[in-house]
*Asks:* 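The structure follows.
Just so it is clear: chains get the letters A, B, ... in the order the sequence lines come, proteins before strands, and each one is counted from 1. Since the structure is predicted, the reported quantities are computational estimates derived from the model, not experimental observations. FYI, side chains are in, hydrogens and waters are out, and symmetry mates aren't considered; it's all heavy atoms of this structure.
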There are 2 protein chains.
Amino acid sequence: MDLRGHLELLVLAALARTGSAHGYALIGAMRDGSDGRFDLPEGTVYPALHRLERLGLVSSGWDESQARRRRVYVLTDAGHTALSAQRAEWRTFAAAVERFAL
Amino acid sequence: MDLRGHLELLVLAALARTGSAHGYALIGAMRDGSDGRFDLPEGTVYPALHRLERLGLVSSGWDESQARRRRVYVLTDAGHTALSAQRAEWRTFAAAVERFAL
DNA sequence: ATCCATACCTAGATGGTCTAGGTATGTGCG
DNA sequence: CGCACATACCTAGACCATCTAGGTATGGAT
């Protein structure tokens, strides 16, 4: 799919949209929320979530209340901050591309 | 600077803007045309130009008319086509990010 | 019973970008 | 003149995000 560094923004935004969600649901949310454009393989998303957790931007816990166990993620405060920063960064980046390359 | 896959679009667009230019001038054009936002190291741009030439999107020749020899690049027909395609791709990508993540 | 969707995971390949060097020529300045 | 600096080209290798390609296991439907 070639997200080229924008994956982090997408995952954080997906989590902000859903409030909290497990990995597989996030994959679906990104796919469905983008008309199939952001259809990421699990091998991309799971490691990204682990990285975000190492960075302290998300935290996770096992949800055992369902029949099938799931690792549920939520944004931390730092995650919300990072999301705002990445959104701002995207805007200036996109504006620059727009001005220069289009 | 972290252009993450958008470098090709930028270089092609820079060449389209200038008509034809040598590598060092393209670096300046990208830097100045973006308020310093696209300030790429030579080690990024020269290999990118070589790659684009291998792909047939640009062609080059030595300009010996000046005191200092320069390798001057121009877009090929395929390069113009590729630029249009990448602009279109950018637009749909940016629109999807905008809708989903902002 | 079997198959598919769900749900998680990781090792290793891939490949674009950057770091960090190198070479050489012209130009401005004291 | 000598020196610094900008110009102009180049490449090897590091880095690291993403993808490929596997693996495991459970639940629900037929």
*Asks:* If I take atom CD in residue A:E64 and atom P in nucleotide C:dA7, what distance separates them, rounded to the nearest angstrom?
*Replies:*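 After rounding, the reported distance stands at 14 Å.
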*Asks:* So B:V45 and B:Y24, do their side chains get closer than 4.5 Å, heavy atoms only?
*Replies:*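 SC-SC contact between B:Y24 and B:V45 ruled out.
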*Asks:* CZ of B:R31 versus P of D:dA8: gap in Å, rounded?
*Replies:*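 To the nearest whole Å, that distance equals 11 Å.
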*Asks:* Any side-chain heavy atom of B:L49 within less than 4.5 Å of one from B:L26?
*Replies:*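 Sidechains of B:L26 and B:L49: in contact.
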*Asks:* Rounding to an integer number of Å, can you tell me how far B:L40 CG sits from D:dC9 C1'?
*Replies:*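 B:L40 atom CG is separated from D:dC9 atom C1' by 16 Å.
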*Asks:* Is A:L102 reachable from B:M30 through a run of I, L, V, M, F, W or Y residues, each pair having side-chain heavy atoms under 4.5 Å apart?
*Replies:*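 Same cluster.
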*Asks:* Take the protein atom OH of A:Y73 and the nucleotide atom C1' of C:dC9, then report the distance between them rounded to whole Å.
*Replies:*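 About 10 Å, once rounded to whole Å.
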*Asks:* B:R70 has an atom CZ; how far is it from atom C1' of D:dA6, in whole Å?
*Replies:*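 That distance rounds to 12 Å.
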*Asks:* Once you round it to whole Å, what is the distance between P of D:dT18 and NE2 of A:H6?
*Replies:*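 A:H6 atom NE2 is separated from D:dT18 atom P by 9 Å.
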*Asks:* Would you jot down, in residue-number order, the residues of residues 17-29 of chain B having a non-hydrogen atom under 4.0 Å from DNA chain C?
*Replies:*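 Going residue by residue through residues 17-29 of chain B, none turns out to have a heavy atom under 4.0 Å of DNA chain C.
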*Asks:* Classify the angle between the aromatic ring planes of A:H6 and A:F93 as parallel (below 30°), tilted (30 to 60°) or perpendicular (above 60°).
*Replies:*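 The arrangement is tilted - the two ring planes meet at 30° to 60°.
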*Asks:* At their closest point, which heavy atom of B:A96 faces which heavy atom of A:F38, and how far apart are they?
*Replies:*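 Looking at all heavy atoms of both residues, the closest pair is CB-CZ, 3.6 Å.
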*Asks:* Consider the side chain of A:L7, meaning its heavy atoms from C-beta on, and name the nucleotide among D:dT18, D:dC19, D:dT7 that approaches it most closely.
*Replies:*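 Nearest to the side chain of A:L7 among the choices is D:dT18.
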*Asks:* Hey, what are the protein-to-nucleotides 21-27 of chain C N/O distances that come in under 3.5 Å?
*Replies:*
unit_1, atom_1, unit_2, atom_2, d
C:dT25, O2, B:R68, NH1, 2.5
C:dT25, O2, B:R68, NH2, 2.9
C:dG26, OP1, B:A67, O, 3.2
C:dG26, O4', B:R68, NH2, 3.2

*Asks:* For B:S60 and B:R71, indicate whether the former's side chain and the latter's backbone hold a donor-acceptor pair under 3.5 Å.
*Replies:*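 No, the answer is negative, given that no donor and acceptor are paired below the 3.5 Å cut-off.
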*Asks:* Are B:L12 and B:L52 side-chain neighbours, meaning at least one heavy-atom pair lies under 4.5 Å?
*Replies:*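 Yes, at least one pair of side-chain atoms sits under 4.5 Å.
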*Asks:* In this structure, how many angstroms lie between the P atom of D:dA8 and the CD atom of B:Q66, rounded?
*Replies:*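 After rounding, the gap between these two atoms is 9 Å.
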*Asks:* Minimum heavy-atom separation for A:R87 and A:A13, please, with both atom names.
*Replies:*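 What the structure gives for the nearest pair is NH2-CB, 4.4 Å.
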*Asks:* For D:dG27, does OP1 or OP2 lie under 4.0 Å from any side-chain N or O of A:R69?
*Replies:*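 Checking D:dG27 against A:R69, no side-chain N or O comes under 4.0 Å of OP1 or OP2.
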*Asks:* Under 4.0 Å from any atom of DNA chain C, heavy atoms only: list the residues of residues 46-56 of chain A that qualify, in numerical order.
*Replies:*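 Within this stretch, A:Y46, A:P47, A:H50 sit under 4.0 Å of the strand.
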*Asks:* Side-chain contact test, heavy atoms from C-beta onward, threshold under 4.5 Å: evaluate it for B:L9 versus B:W90 and give yes or no.
*Replies:*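 Yes, their side chains come closer than 4.5 Å.
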*Asks:* Do B:T92 and A:R37 come close enough that some side-chain heavy atom pair is under 4.5 Å?
*Replies:*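 The answer is yes, as the side chains (C-beta and beyond) meet within the 4.5 Å cut-off.
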*Asks:* Rounded to the Å, how far apart are A:D39 CG and D:dC19 P?
*Replies:*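 Between P of D:dC19 and CG of A:D39: 10 Å.
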*Asks:* Is A:R17 close enough and on-axis enough to B:F100, meaning under 6.0 Å and within 45°, for cation-pi?
*Replies:*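 Satisfied, under 6.0 Å and within 45°.
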